[in-house]
Asks: 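Have a look at this one before I ask anything.
In listed order, ligands and their atoms are each counted from 1. Just so it is clear, the structure is predicted and the values come from calculations on it, not from any experiment. What's counted below: heavy atoms across the whole structure, side chains too, no hydrogens, waters or symmetry copies.
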Amino acid sequence: MTGVTAGVTAFAPLHVTGRIRQLATRLGELDVTAGAITDLINIRWLTGFNGSNAVLLVSTTDAKALLITDDRYAEQAPAEIATSGCENTEVAIQRDPTDTDWITDSTRLALEDSITWGEQRRWATAFADSELICLEATVEELRAVKTEAELERIRAAAAIADAALSAVHPKIRPGITEKEIANALDDEMRTQGATGPAYDTIVAGGPNAALPHAHPSDRPFEQGDLVVIDVGAVVDGYRSDMTRTFSLGTPGEQAQKMLDATFDSQAQGVAAVSAGVKARDVDLTCRQALEDVGMGEAFSHSTGHGVGLNIHELPRLTHRSDDILDTANVVTVEPGVYYPGFGGVRIEDLVVVNDAGCEVLTHFHKDPLIPL
Ligand code: ZN
Ligand code: ZN
């Protein structure tokens, strides 16, 4: 153990109890007799099993499940299922998950949207008499509402990214490269107790900041650069997500206008978040604020996304989204403006939705000025 781990090792158990039953109810609503869950993140959320190969069969009628994995996990799978409180689930060690009499040929079987072409063919052949239907985002919808134990991990991941950015912030000076800052952030997050970065850390200065998903380069920062830093951590599988933008020296007129507009848009977006609100309306709020100052066209992506075991999950905060924000959703609010050849600004907070609005989890300050 090294460094400050801020309670990272002392989490309450995740308690997945009840999730198999929850899914079985949803499967019943889809009028299927069983579902085959193939997405490993969904399997982890449902059972607590965290391995690289598994299929989870869930029976609708009796809310029982069978976790099929290979012999590498013969000990780990039953142990993780027991620890997480997953009930009514047995483990089978076998190579071919479709070679099972656990579900019968007369089954109407649901497969996940993310299944590969090859796997789908295998199920179709093995269950030639069955009707196969698409489960779509059923498990992902259940995952969007976080438990207190999940929030605890996401909070810790956000606190670690805050601490990493605090430690690295003094190094953001002309002459240091994007890669050097990105590596320093990743190292610092691990030192603080994270498993690693939640996604490829973005550090983008000057013209590179005009690319929303820029990869850190060997370009050294220069005086007058806008620097976009998008950083998050993973703690016990759960992720955080935060973006700040800095100005190396007093911003010029255009940069200041971009900073002011984005801060304003982002603050209005966060203020619009509340349980029962249409996710689309939060996107519209951010978009309208930028349109009002003539920067609507420079906002080239959507406003935000859910965060949990995956960095991008439900609900979606886009102008097309039909999602309604729910209590204990964890979402980002991250408008940005990007001008090719000049630079960009993005401000992103991670928030937990509640009845009164939301709780902001990312606390690093938003003062863009780095005096030179
Ligand atoms: Zn981000
Ligand atoms: Zn994000």
Asks: Between the side chains of Glu80 and Thr83, does any donor sit under 3.5 Å from an acceptor?
Replies: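 No.
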Asks: Tell me which N, O or S atom from Asp230 is the closest to the Zn ion (ligand 1).
Replies: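 In Asp230, the heteroatom (N, O or S) nearest the Zn ion (ligand 1) is OD1.
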Asks: Would you call Lys278 and Asp323 a salt bridge, taking side-chain N to carboxylate O under 4.0 Å as the test?
Replies: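 No, this pair does not count.
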Asks: Taking the six-membered ring of Phe299 (Phe, Tyr or Trp), confirm whether the NZ or CZ of Arg287 is under 6.0 Å from its centre and within 45° of its axis.
Replies: yes
Asks: Test of geometry: compute the angle OE2(Glu334)-the Zn ion (ligand 2)-NE2(His305) and round it to 10°.
Replies: 80°
Asks: Examine Asp241 and say whether one of its N/O/S atoms is closer to the Zn ion (ligand 1) than 2.8 Å.
Replies: yes
Asks: Nearest to the Zn ion (ligand 1), which N, O or S atom of Glu348 do we find?
Replies: OE1
Asks: Less than 4.0 angstrom from a charged side-chain N to a carboxylate O is my criterion; do Arg26 and Glu140 meet it?
Replies: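 Salt bridge: no.
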